[in-house]
Amino acid sequence: MDARGVGGGAGAGGVGLGGGLAWRQPSLGIALDLSGRTLVSHEDGAAAERGLSASLAYDPTPASARGLSLSLRQHRGGQAAGGLDALFAGDPLARRLEGGRDADAGRWTMEAGWGVAAFGGRFVGTPHVGLGGSAFGRDLSVGWRLAPEAAAAPGPSLGVEAARREGAAGAEHGVRIEVSAQW
């Protein structure tokens with residue numbers, strides 16, 4: 001068990017408190033993460049912000065990114081991690097799509113992926129599918145990630161994902177491309 005710790009802080013006229021707990025059982029391939037954060041007090045008495053998050057993941061070979069991986073996440077409220085930075089950060093488009101208007105109602109997501117060797121085994125390509133939902137609709141996604149075989153190895157990572165959000169107002173479609181490099 002790994003206690004992520006409890007933190008607090010003050011800034012920008014407010015006091016926040018957050019913490020988390022992580023449990024890993026590598027022999028079973030199971031990981032459980034719980035985290036939460038709340039705005040205890042703010043100079044604007046009407047400001048209220050809190051978030052809770054739970055995640056359960058199964059990866060029978062956690063030492064490698066190859067093979068099966070499954071995850072299930074439940075979010076309630078705002079961001080559950082990030083401390084005071086999360087409280088006062090801008091609201092990027094990705095967060096609005098993931099939580100936005102239905103964040104307080106709760107949201108769940110699940111994803112399944114299968115990592116395969118790519119480029120002579122130096123990289124792992126992972127096709128994945130996802131499903132998510134909230135009181136306001138359902139999300140479907142399909143994508144592919146490419147990353148170095150060793151998680152800490154230097155090199156580029158690439159991710160492409162197509163998503164569909166279905167709700168009362170109809171369906172929205174989107175494509176996300178993510179590129180990162182480590183050296």
Side-chain angles (χ1 to χ4, degrees), residues 18 20 22 31-37 39 47-59 62 65-119 122-149 151 153-183:
L32 175 66
D33 289 297
L34 303 170
S35 59
R37 182 190 49 74
L39 178 61
E49 175 80 24
R50 62 182 74 109
L52 298 170
S53 175
S55 137
L56 177 64
Y58 174 71
D59 184 350
R66 295 182 191 182
L68 176 68
S69 64
L70 302 169
S71 67
L72 176 63
R73 293 179 182 85
Q74 174 72 43
H75 306 277
R76 189 160 193 83
Q79 280 184 272
L84 288 176
D85 293 337
L87 288 172
F88 302 108
D91 200 23
L93 178 61
R95 181 167 181 232
R96 288 195 306 267
L97 292 175
E98 291 173 9
R101 66 177 187 254
D102 53 343
D104 288 334
R107 165 163 210 72
W108 61 270
T109 58
M110 59 184 180
E111 182 180 285
W114 190 275
V116 295
F119 299 108
R122 294 182 333 165
F123 289 85
V124 175
T126 307
H128 59 90
V129 295
L131 178 65
S134 71
F136 295 95
R138 175 176 64 171
D139 299 332
L140 306 165
S141 65
V142 61
W144 182 74
R145 288 185 291 266
L146 180 70
E149 166 64 35
S157 296
L158 171 70
V160 178
E161 183 176 270
R164 174 183 171 98
R165 172 168 270 188
E166 300 171 349
E172 298 175 24
H173 299 86
V175 174
R176 184 174 72 171
I177 299 172
E178 188 175 305
V179 178
S180 65
Q182 211 175 327
W183 60 89

task: Please report the C-alpha distance between Arg145 and Glu111 in whole Å, then the side-chain angles of each, then the deciding distance to 0.1 Å, and finally whether the salt bridge (Lys or Arg N to Asp or Glu O under 4.0 Å) criterion is met.
output: CA-CA 13 Å; Arg145 288 185 291 266; Glu111 182 180 285; 3.0 Å; yes

- prompt: Looking at CG of Leu68 and CG of Asp59, how far apart are the two atoms once the value is rounded to the nearest 0.5 Å?
  reply: 7.5 Å

Minimum heavy-atom distance Trp108-Leu131, with the two atoms named: CZ3-O, 3.6 Å

query: What are the two closest non-hydrogen atoms of Asp33 and Ala22, and how far apart are they?
result: OD1-CB, 3.1 Å

Interatomic distance, Trp114 atom CH2 to Leu70 atom CG [nearest 0.5 angstrom]: 9.5 Å

message: Return the OG to CZ distance between Ser53 and Arg37, rounded to the nearest 0.5 Å.
response: 11.0 Å

task: Identify, with sequence neighbours excluded, every residue that meets salt bridge (Lys or Arg N to Asp or Glu O under 4.0 Å) alongside Glu161.
output: Arg176

From CD (Glu172) to CZ (Arg165), nearest 0.5 Å: 7.0 Å

Minimum heavy-atom distance between Ala118 and Gly125, given as atom pair plus value: CB-N, 4.1 Å

field: More than 12 heavy atoms of other groups within 6.0 Å of Glu166 CD
entry: yes

- prompt: Which heavy-atom pair separates Ser55 from Arg73 by the least distance, and what is that distance?
  reply: CB-CG, 3.8 Å

- request: State, to 0.1 Å, how close Pro156 and Pro148 come at their nearest heavy-atom pair, and which atoms those are.
  value: O-CD, 3.5 Å

query: At what distance, to the nearest 0.5 angstrom, does CZ of Arg76 lie from CG of Leu52?
result: 8.5 Å

- line: Scanning both residues in full, the closest heavy-atom pair of Leu34 with Ala54 reads CD2-CB, 3.6 Å

statement: One should read off an interatomic distance between Leu158 CG and Ile177 CD1, to the nearest 0.5 angstrom, of 8.0 Å

